[in-house]
Amino acid sequence: MILDGKACSEQRLEILKDAIDESGLYPHLATVIVGDDPASRMYVRMKHKACERVHIGSVGIELPADATTDAVMAAVRRLNEDPEIDGILVQLPLPRQVDATQVIASVAPEKDVDGFHPCNLGLLFSGNPRFSPCTPLGIMTLLAANNIAVAGKHAVVLGRSIDVGRPLAALLLNADATVTVCHSKTPDIAAVARGADILISSVGRARFVTAEMVKKGAVVVDVGINQLDGKLVGDVDFAAVRDIASAITPVPGGVGPMTIATLMENTFTSAKRRSCDSV
Ligand code: NAP
């Protein structure tokens, strides 16, 4: 089975648009981008386009590539204080001179629709999530939409970044999976991966996951986005693994669209919570 993230996200965006229209709310998302990295600009454009589609207003703050940590934090604080703004997304990565940890911690936790603020990560890890990071939550949604049970399964996550691997491990654990997280210092990753009922790769290396690393019938989720011979590919050797896996996400059209749909859903959730708080 191909886990079609594009179709799933399209469906969710349609439902979300209707829910937003019915709510009478007009949620607003603000993006903050520093510098002119083409990939970051493309991701921000895609997010604004998705906002338009589901009737979420969007504001884009652009700062120069040489902006300081203080300047980025000042921009974030203005958005924190703006009553019109429900969600704030700081596009990562930030230029080297900007302290990303400080910037992320400066986002008001109740507007942190990316779910990276230490408060939100703490809530997620304590089993009471408020906002969960969009890529991991989008993966959980895609699994659920395809009736793939997680409880009692052995999930192996390749990668331990703060935006994918770590929060995904927490979400899987909260959903009663037994979770193993691998990283660059893990010996014999292939042997660990072969024990997975659900194998999720977020390493960022083309063809990292080979057929020898996948147990027959495993569910394989490919988070990676890599360029190979001018083409966009994931971490998984798709052609070799698809016949072994019981279900697999394609790249493109798998996890990526789910990330954006989840960001829209988190923004609407924030708007609903904020409208309740203001009553
Ligand atoms: P990251 O911060 O660079 O983290 C990569 C992780 O992979 C690290 O934990 C690293 O281990 C591990 N790793 C690297 N080389 C390895 C190796 N040879 N063996 C074992 N582990 C290895 O990247 P990220 O932000 O998590 O993103 C990962 C990939 O997902 C990228 O291709 C990115 O573009 C993609 N991505 C896609 C979406 C989407 O929506 N589809 C969203 C986010 C990211 P250490 O911690 O030991 O260094």
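Computed from a predicted structure; not experimentally measured.
- For Q102 (side chain) and D70 (main-chain N/O), no donor-acceptor pair under 3.5 Å exists by modelled atom type.
- Side-chain contact between R130 and C119 is present, with heavy atoms from C-beta onward closer than 4.5 Å.
- The distance from atom CG of L3 to atom CG of L143, rounded to the nearest 0.5 Å, is 7.0 Å.
- Across all non-hydrogen atoms, the minimal contact from R273 to F131 is NH1-CZ, 3.3 Å.
- The environment of CZ in R207 is sparse: at most 12 heavy-atom neighbours from other residues, nucleotides or ligands sit within 6.0 Å.
- N120 and D112 make their closest contact through ND2-OD2, 2.7 Å (heavy atoms, listed as atom of the first residue, atom of the second, distance).
- Two different hydrophobic clusters hold I260 and M258 under the rule that ILVMFWY side chains link at heavy-atom gaps under 4.5 Å.
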Query raised in the report: Does the pair I198 and V150 meet the rule for a side-chain contact (heavy atoms from CB on, under 4.5 Å), with working shown?
Result: CA-CA 8 Å; I198 302 174; V150 170; 4.2 Å; yes
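- Atom CZ in R78 sits 7.5 Å away from atom CD1 in I61 (nearest 0.5 Å).
- In terms of hydrophobic clustering, with Ile, Leu, Val, Met, Phe, Trp and Tyr side chains grouped at heavy-atom distances under 4.5 Å, V113 and V44 are assigned to different clusters.
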Query raised in the report: Checking side-chain contact (heavy atoms from CB on, under 4.5 Å) for the pair Q227/L232: CA distance, chi angles, key distance, verdict?
Result: CA-CA 5 Å; Q227 289 286 340; L232 196 71; 3.9 Å; yes
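- Taking each heavy atom of C8 and A145 in turn, the nearest pair found is SG-CB, 3.8 Å.
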Query raised in the report: Run the side-chain contact (heavy atoms from CB on, under 4.5 Å) check on M140 and L168 step by step: do they pass?
Result: CA-CA 8 Å; M140 299 301 288; L168 180 58; 4.2 Å; yes
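- Under a hydrophobic-cluster definition in which Ile, Leu, Val, Met, Phe, Trp and Tyr are linked whenever side-chain heavy atoms come within less than 4.5 Å, directly or via other members, L79 and V90 are assigned to the same cluster.
- Panel note: side chain T249, backbone D222; a donor-acceptor pair is recorded below 3.5 Å.
- Comment: E10 engages K6 in a salt bridge, judged by a side-chain N to carboxylate O separation of less than 4.0 angstrom.
- In terms of heavy atoms, L142 sits closest to G5 at CD1-CA, 3.9 Å.
- No donor-acceptor pair closer than 3.5 Å links the side chain of N266 to the backbone N or O of C134.
- A distance of 5.0 Å separates OG1 of T267 from CD1 of I56, quoted to the nearest 0.5 Å.
- A donor-acceptor pair is defined here as one N or O able to donate and one able to accept, closer than 3.5 Å; such a pair exists between the side chain of S202 and the backbone of L158.
- Using a 4.0 Å cut-off between charged nitrogen and carboxylate oxygen, K215 and D197 count as a salt-bridge pair.
- For the atom pair L263 CG and D114 CG, the distance stands at 6.5 Å (nearest 0.5 Å).
- Side-chain N or O atoms of D99 include one that pairs as donor or acceptor with a backbone N or O of T101 at under 3.5 Å.
- Pairing each heavy atom of T210 with each of V214, the nearest pair is O-CG2, 3.7 Å.
- Using a 4.5 Å cut-off on side-chain heavy atoms (C-beta onward), R242 and V220 make no contact.
- You'll find the side chain of D36 reaches within 4.5 Å of the side chain of R41, heavy atoms only.
- In this structure the side chain of S246 reaches within 4.5 angstrom of the side chain of V219, judged on heavy atoms.
- Across every non-hydrogen atom of F208 and M213, the tightest pair is O-SD, 3.3 Å.
- Side chains of L199 and V236 form no contact here, defined as non-hydrogen atoms less than 4.5 Å apart.
- Evaluated for a salt bridge (Lys or Arg N to Asp or Glu O under 4.0 Å) with E265, the options R12, K272, K17 yield exactly one hit, R12.
- Atom CE of M46 sits about 5.5 Å away from atom CE of M42, to the nearest 0.5 Å.
- For N146 (side chain) and I148 (main-chain N/O), no donor-acceptor pair under 3.5 Å exists by modelled atom type.
- With hydrogens and angles ignored, the 3.5 Å screen pairs a side-chain donor or acceptor of K153 with a backbone N or O of A149.
- Hydrophobic clustering, with ILVMFWY side chains joined whenever heavy atoms are under 4.5 angstrom apart, keeps I225 apart from I139.
- Contact check for D86 versus K111: no side-chain heavy atoms found under the 4.5 Å cut-off.
- To the nearest 0.5 angstrom, I104 atom CD1 is 13.0 Å from I88 atom CD1.
- Between L25 and F268, some side-chain heavy-atom pair lies under the 4.5 Å cut-off.
- When atom types are taken as modelled, the side chain of N174 and the backbone of L124 share a donor-acceptor pair closer than 3.5 angstrom.
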**Report entry** side-chain contact (heavy atoms from CB on, under 4.5 Å) between H48 and L29, worked out
**Finding:** CA-CA 8 Å; H48 284 270; L29 174 72; over 6 Å; no
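- Remark: side-chain polar atoms of K47 are not paired, donor with acceptor, to backbone N or O of L89 under 3.5 angstrom.
- Other residues, nucleotides and ligands contribute at most 12 non-hydrogen atoms within 6.0 Å of the CD atom of E52.
- Hydrophobic clustering (ILVMFWY, side-chain heavy atoms < 4.5 Å, transitive): M1 and V241 are in distinct clusters.
- H55 places no side-chain N or O within 3.5 Å of a backbone atom of D21 that could act as its donor or acceptor partner.
- Proximity of T180 to V157: side-chain heavy atoms (C-beta onward) are nowhere separated by under 4.5 Å.
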